[in-house]
Amino acid sequence: MKYDIVVVGGGHAGVEAAVGASKHGLSVLMVTSNIEFIGEMPCNPAVGGVAKGNIVREIDALGGAMAQLTDKAGIQFRMLNRSKGVAVWGPRAQTDRFLYRKLAREFVESIPNVSILQDMVTDIATENGVVKGIKTETGIEVESTAVIITTGTFLNGLAHIGEKTVVCGRRGELASTDLSGSIQSLGIKAGRLKTGTPARIDKKSIDFSQLTVQHGDANPQPFSYFTDFPVENKVTCWELRSQMATHDIIRANLHRSPIYGLGSIDGIGPRYCPSIEDKVMRFGDRTGHPLFLEPEGLDRPEMYLNGFSTSLPVEVQYEMIRSLPGFANAVILKPAYAIEYDYFLPTQLYPSLESRVVAGLYFAGQVNGTSGYEEAAGQGLMAGVNASLKITGKEPFILGRDEAYLGVLIDDLVTKGTEEPYRMFTSRAEYRLILRQDNCDERLMPKAHACGLITDEQLARREAVWLVKEQLKQQIADIVITKEQWESLGKSELKENSRADKILKRPEAQLTDLVTLGLIDISNIHPAIVLTAEADIKYEGFVKKQEETIVRMKRLESTLIPETLDYDKVEGLLLESRQKLKAIRPLSVAQASRISGVNPADISVLLIYLSKPQN
């Protein structure tokens, strides 16, 4: 059996890796332990959120599948962070996770040059440091030029529920017990991480009258730029808080916790999505923690208790959950558990996500130390695209930190690494005023088109939208507002008549003010176009400053560092910097500057050394 590219795993990273790998007509094989769970949502049945939503829209702009699948499987749509500036808004959709995985499988099956095999990969075949294929549990050998590892939490996975430990990839699914050892035998270093999931509660056993309703947006907007149908809110979600009684139960049973009492978990858990035990221990003075109750499907009884991840025994879980308002008679359908798994240190990767140790071997998703469907999917797409580009003799497709959240994510991983599950936040992006969720198409579609990831027709459709936006911005710039008009709105004093685009830069000014004054009609323009036009105008000055910083940084990006550079010969480097530069081996001075522990003085020393003729 022979394929150009093998994708190992069928989760969110695996789905997008198959999509990306297929873009240049190469033959692709996805090997997954269970074809029924392609695109499975093992934890939260939702997509997006602050920063994560940006990633999903970037995936869409680059020709990926996640946004389209979300729009089709979505049952509630919300834009988060609306109380803050547009630059940190985050689209989020609750999905029917059973429909999502059905659609994900159908999507992969619909790609002509992608095949699926249900099996377990046990070995990576190599020759002279180059990938040659894979071997499976059933004895199948597959030759390939590239292999993409997207195995999620399945490598030596262990589920923990109190004193009980179960070998699995997810509860009810077999773990991969051979592949991690095969990869490590190639000289690739591994670590151990932990994540967890809450219990699922039977909807019939909950008293919803004691919960606060959380509605979707009045005018829900799709994730995908290519969705041509209206998305709908089909369900409500609910809010509640943990109680002091809940906290007392947790404290009384910490000795039965695999983390705090038993010490049976070695892996490091997620800092920003902690278990309820972690919350109580870290923030013991709080009287309650926010929780969210979310349906897992339209016609299913399972309710997801967001924010209540735990690894305590099932009988303790019952006590904890029944202490919550509305849950006095709660019935657990699926107990919560923590899962521990192997990952591979991402500093061993190039920015293309190809291994520095084994040519043709790519890694994407939780095996790189990330958490979240969105981060995994984005890596999968980039790994798939880069594997296909390499095989077809083209340069890798690398996104900069100034171009995409995906660029920030991958650069953070390969430059800084991670010792805990990595989660994307807007605060990680220094150019977040540029990397807004409303302009992903303009930022990335031209690059995607040039790379063969989207079609001429898809680009042309969006170019027509961008033209409307530019016409609207010009129309706004041509409007002059008088002092009397502005003050009639009860706004702050205007010293002189001013152009509307200048006034819109004021914090209190909104485009709707121009509508109120009868100076512009936007009734026939799509709300998404209006939003991004106004954001462009408001952030224009800040964006220009960021662009100046980007130009300076580009000079450092263009100063390349030979991979063979002997840092021991660079006099003046601090010992810590020398050690980290030798370990990570950055490809440019800019990348070196982002390594934790490498200070500006070290960068100056490095620049001086590189400027001298080398013998």
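Nothing here was measured: the structure is a model prediction, and the numbers come from that model. We use all heavy atoms of the structure for the numbers below, so side chains are in, but hydrogens, waters and symmetry mates are not.
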Novice: Identify, with sequence neighbours excluded, every residue that meets side-chain contact (heavy atoms from CB on, under 4.5 Å) alongside Ser388.
Specialist: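 Ser388 satisfies side-chain contact (heavy atoms from CB on, under 4.5 Å) with Ile5, His24, Leu26 once adjacent residues are dropped.
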Novice: List in chain and number order the residues that pass salt bridge (charged side-chain N to carboxylate O under 4.0 Å, His left out) with Lys334, two or more places apart in sequence or in another chain; answer none if no residue qualifies.
Specialist: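 Here the qualifying residues are Glu302.
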Novice: Going by the rule salt bridge (charged side-chain N to carboxylate O under 4.0 Å, His left out), which residues pair with Arg286 if we only count those two or more places apart in sequence or in a different chain?
Specialist: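 Scan of Arg286 (salt bridge (charged side-chain N to carboxylate O under 4.0 Å, His left out), adjacent residues dropped) gives none.
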Novice: Tell me, which pairs form a side-chain hydrogen bond (donor to acceptor under 3.5 Å, both in side chains) where one or both residues lie in residues 55-65, sequence neighbours left out?
Specialist: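 Those involving residues 55-65 are Arg57-Gln437, Glu58-Arg443, Asp60-Ser224.
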Novice: Report the residues that fulfil salt bridge (charged side-chain N to carboxylate O under 4.0 Å, His left out) with Glu36, sequence neighbours left out, ordered by chain and then residue number.
Specialist: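 Checked Glu36 against salt bridge (charged side-chain N to carboxylate O under 4.0 Å, His left out); matches are Arg105.
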Novice: Looking at residues at least two apart in the chain, or sitting in another chain, which of them share a ring-ring contact (aromatic ring centres under 6.0 Å, His included) with Phe542?
Specialist: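 Counting only residues at least two positions away or on another chain, Phe542 forms no ring-ring contact (aromatic ring centres under 6.0 Å, His included).
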Novice: Scan for ring pair (Phe, Tyr, Trp, His ring centres under 6.0 Å) pairs involving residues 448-505, sequence neighbours excluded, and state none if there are none.
Specialist: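 Qualifying pairs, neighbours excluded: none.
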Novice: Checking Thr310 now: which residues fulfil side-chain contact (heavy atoms from CB on, under 4.5 Å) with it, not counting sequence neighbours?
Specialist: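 If we apply the side-chain contact (heavy atoms from CB on, under 4.5 Å) test to Thr310, skipping adjacent residues, the hits are Ile276, Glu277, Leu312, Gln317, Met320, Ala336.
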Novice: If you look only at pairs with a residue in residues 364-385, which of them pass as a ring pair (Phe, Tyr, Trp, His ring centres under 6.0 Å), with sequence neighbours excluded?
Specialist: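 Listed once each, the pairs are His12-Tyr373.
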Novice: Partners of Arg300 by salt bridge (charged side-chain N to carboxylate O under 4.0 Å, His left out), sequence neighbours excluded?
Specialist: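 In terms of salt bridge (charged side-chain N to carboxylate O under 4.0 Å, His left out), with neighbours along the sequence ignored, Arg300 is linked to no residue.
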Novice: Filter on salt bridge (Lys or Arg N to Asp or Glu O under 4.0 Å), then keep only pairs touching residues 511-524, sequence neighbours left out; what's left?
Specialist: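 Qualifying pairs: Lys491-Asp513.
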Novice: Just checking Phe208 against Trp238, ring centres under 6.0 Å apart?
Specialist: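 Here the rings of Trp238 and Phe208 have centres that are less than 6.0 Å from each other.
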Novice: How would you list all residue pairs meeting salt bridge (Lys or Arg N to Asp or Glu O under 4.0 Å) that involve residues 78-88, not counting sequence neighbours?
Specialist: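 Applying salt bridge (Lys or Arg N to Asp or Glu O under 4.0 Å) to every pair that reaches into residues 78-88, excluding sequence neighbours, yields Arg82-Asp217.
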